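For reference, the structure discussed in these notes is given below.
Note that the structure is predicted; figures quoted are calculated from it, not measured.
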Amino acid sequence: MSSTDQGTNPADTDDLTPTTLSLAGDFPKATEEQWEREVEKVFNRGRPPEKQLTFAECLKRLTVHTVDGIDIVPMYRPKDAPKKLGYPGVTPFTRGTTVRNGDMDAWDVRALHEDPDEKFTRKAILEDLERGVTSLLLRVDPDAIAPEHLDEVLSDVLLEMTKVEVFSRYDQGAAAEALMGVYERSDKPAKDLALNLGLDPIGFAALQGTEPDLTVLGDWVRRLAKFSPDSRAVTIDANVYHNAGAGDVAELAWALATGAEYVRALVEQGFNATEAFDTINFRVTATHDQFLTIARLRALREAWARIGEVFGVDEDKRGARQNAITSWRELTREDPYVNILRGSIATFSASVGGAESITTLPFTQALGLPEDDFPLRIARNTGIVLAEEVNIGRVNDPAGGSYYVESLTRTLADAAWKEFQEVEKLGGMSKAVMTEHVTKVLDACNAERAKRLANRKQPITAVSEFPMIGARSIETKPFPTAPARKGLAWHRDSEVFEQLMDRSTSVSERPKVFLACLGTRRDFGGREGFSSPVWHIAGIDTPQVEGGTTAEIVEAFKKSGAQVADLCSSAKIYAQQGLEVAKALKAAGAKALYLSGAFKEFGDDAAEAEKLIDGRLYMGMDVVDTLSSTLDILGVAK
């Protein structure tokens, strides 16, 4: 229907348009002081007058600290952001190395392939390219695609239309040589072909526990000179450190330090600094923490531009090109379909952060190789849907101007620069990976993360939070046996919980913990809803009784076949019935008795209850220790 049909003259519409749009026009303007008072009210509700918290104390409790020491406060203000935001496509490139022109396909959807079955991989690559993938990332290794099979897996690829990048964890030279051979045998003009060799001698040495050899870089750069200027010899792989446990600061700083060392090496081998900069790409991780990912990608570009300025690199060559890969460390084996959500958030974060190419890992990556096209289809469509249907790629730096993102970008850049300087004092990144510096930083991050995983301050959805016993899985092919590495060890965050689950599934019948739910559902519902999922983290079944007399509860316990019990109820019911039921369950043969709640809720019986009960379930508890101890009590072998 036209505006005329609605009775409005189009010529008069300008007079109807408000000069300003006030979404909260009917409400009084809120002030920071009002917000502070409301925060104090929430924290001080129920506190006696002598224990009232100040706003500063409330703010401290609301502040989140990352594993590597970055503070994230609950609210950011205009003073936290820079006054001048700058522009995309110009130094210092914080807002992006390029200017997006509104096209929906603003980044490369770069698909990973590593199945050693050359026929399967050849078919999978062709399907990916026919269905929207724009570039390829191939792992060439003894447990992945063999160098001699690279010709076959790429035989259907139009090399003049598709950039191919290789990487290797065991022989980077062989992988680069194999890809060069494919392109050198092509009948297409070399200047029309773009390829990435994926060379990262320092990252390779960190994985293998060897000494980095940078002397080969110059020869590879020269060999690439005949191909398209979009070809790159070097890719600094920050995933090496992320998968070993690095936090955002260390991942960022070590990528910068590696890049600076490569530039110096290439200058020594006859290149100027601008030429050296131009042959380096970065492979970074994208995690489920969207704001940290966005800020880290922005901070990398800003800091790399500063390094380029120091080296005297031409301004237009100082931008850091980034291939983002969704985090392997965050993938879970249990309930793997939730990995699709993790991959979607990470891909979104990388796109908003301005990555030039994005690789979404198959959601089965913690289980094995894809058995069919389904995991590969989900992986490629994640990026395609975000680009072509959500239209993220049409926007330049969509997070730019956010007080939070701008402040976090600056904080990460400053913290990473400090660590970068520490590495430089050691003599560069090669020295850092050969000494204890890198392992000490990783050990500190991993120790802090282990605490947070255990007490669920860093929850893992569907694993340590909202676990589902018997959740649907998916069939995969087993990963081929990989050669041993002597360098940095990789671990996924969920492994500690998967080890508990493995113990429970290793026996013919799942272990059980009996939930003695006292009173009515209004009494025990909250505690039962909290405690039952805790036991499910380890795959422990939770038969239960809802209310009843002490004799009825004991009878239900005996029928359940459980040897451990957990009391669930309210303070009122604990004071009335808790001690009596606890004594009866112990007398009935319970090897261990847990309490969902606090001992003080037993009133006058608190001291006796504390002596009788073996442990408590509460917010902030070490669930790994409790579950492991319970499995020990039940005789479930490790």
Side-chain angles (χ1 to χ4, degrees), residues 287-289 327-345 363-368 449-476 491-517 524-544 560 562-568 592 594-597 615-634 636-638:
T287 73
H288 75 279
D289 191 318
S327 172
W328 170 85
R329 198 185 73 203
E330 292 184 343
L331 294 178
T332 66
R333 186 191 70 187
E334 306 302 323
D335 208 350
Y337 288 90
V338 180
N339 290 329
I340 299 174
L341 302 180
R342 296 184 181 96
S344 298
I345 295 171
F363 71 93
T364 54
Q365 198 74 2
L367 291 166
R449 186 178 295 107
K451 292 179 186 177
R452 298 180 183 207
L453 290 169
N455 63 26
R456 299 192 294 176
K457 288 184 179 178
Q458 183 172 324
I460 304 176
T461 303
V463 176
S464 65
E465 291 282 358
F466 313 111
M468 182 186 300
I469 291 181
R472 187 163 61 105
S473 190
I474 185 170
E475 292 296 323
T476 59
H491 293 285
R492 290 178 294 104
D493 294 343
S494 62
E495 286 178 4
V496 63
F497 300 106
E498 292 166 2
Q499 291 164 5
L500 295 170
M501 184 66 74
D502 286 343
R503 292 180 67 181
S504 293
T505 55
S506 67
V507 293
S508 57
E509 183 179 359
R510 283 186 183 275
K512 301 174 183 177
V513 169
F514 178 77
L515 300 187
C517 301
F524 63 75
R527 293 280 170 72
E528 183 270 336
F530 172 82
S531 297
S532 182
V534 171
W535 299 113
H536 294 170
I537 290 170
I540 298 174
D541 279 333
T542 52
Q544 64 184 64
S560 73
Q563 297 175 298
V564 173
D566 176 10
L567 298 181
C568 300
Y594 290 93
L595 170 67
S596 294
R616 294 193 305 121
L617 271 66
Y618 56 93
M619 190 71 74
M621 63 180 283
D622 186 331
V623 297
V624 173
D625 180 67
T626 297
L627 294 171
S628 182
S629 299
T630 302
L631 291 173
D632 289 343
I633 292 168
L634 294 173
V636 181
K638 293 184 179 178

For a quick check under 3.5 Å, do [X] and [Y] share a side-chain donor-acceptor pair by atom type?
X: T461; Y: E465; value: no
X: S531; Y: S596; value: yes
X: S327; Y: H288; value: no

Side chain [X], main chain [Y], donor-acceptor under 3.5 Å:
X: S532; Y: E528; value: no
X: S504; Y: A538; value: yes
X: R472; Y: D335; value: no
X: N339; Y: F363; value: yes

**Item:** Full working for side-chain contact (heavy atoms from CB on, under 4.5 Å) between V513 and H536
**Value:** CA-CA 10 Å; V513 169; H536 294 170; over 6 Å; no
Between [X] and [Y], is any pair of side-chain heavy atoms under 4.5 Å apart?
X: Q458; Y: R449; answer: yes
X: I633; Y: Q563; answer: no
X: R503; Y: D632; answer: yes
X: I469; Y: R510; answer: yes
X: T332; Y: R342; answer: yes
X: K451; Y: K457; answer: no
X: D622; Y: N455; answer: no
X: M501; Y: I540; answer: no

How many angstroms lie between [atom1] in [X] and [atom2] in [Y], if you round to the nearest 0.5 Å?
X: L500; Y: S628; atom1: CG; atom2: OG; result: 6.0 Å
X: L515; Y: R527; atom1: CG; atom2: CZ; result: 13.5 Å
X: E498; Y: R492; atom1: CD; atom2: CZ; result: 4.0 Å
X: L367; Y: I474; atom1: CG; atom2: CD1; result: 8.0 Å
X: R616; Y: L567; atom1: CZ; atom2: CG; result: 13.0 Å

Please give me the minimum heavy-atom distance between [X] and [Y], naming the atom from each residue.
X: F524; Y: C568; value: CB-O, 3.2 Å
X: F497; Y: V463; value: CB-CG1, 3.5 Å
X: L331; Y: S494; value: O-OG, 3.5 Å
X: K512; Y: P543; value: CB-CD, 4.1 Å
X: Q544; Y: C517; value: NE2-SG, 4.1 Å
X: F530; Y: M619; value: CZ-N, 3.7 Å

**Between W535 and Y594, ring centroids under 6.0 Å** =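 Ring-ring flag for W535/Y594: true, centres closer than 6.0 Å.
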**Request:** For the pair D493 and R452, find out whether any cationic side-chain nitrogen is under 4.0 Å from an anionic carboxylate oxygen.
**Result:** no
**Prompt:** Is the closest basic N to carboxylate O distance between D502 and R333 below 4.0 Å?
**Reply:** yes
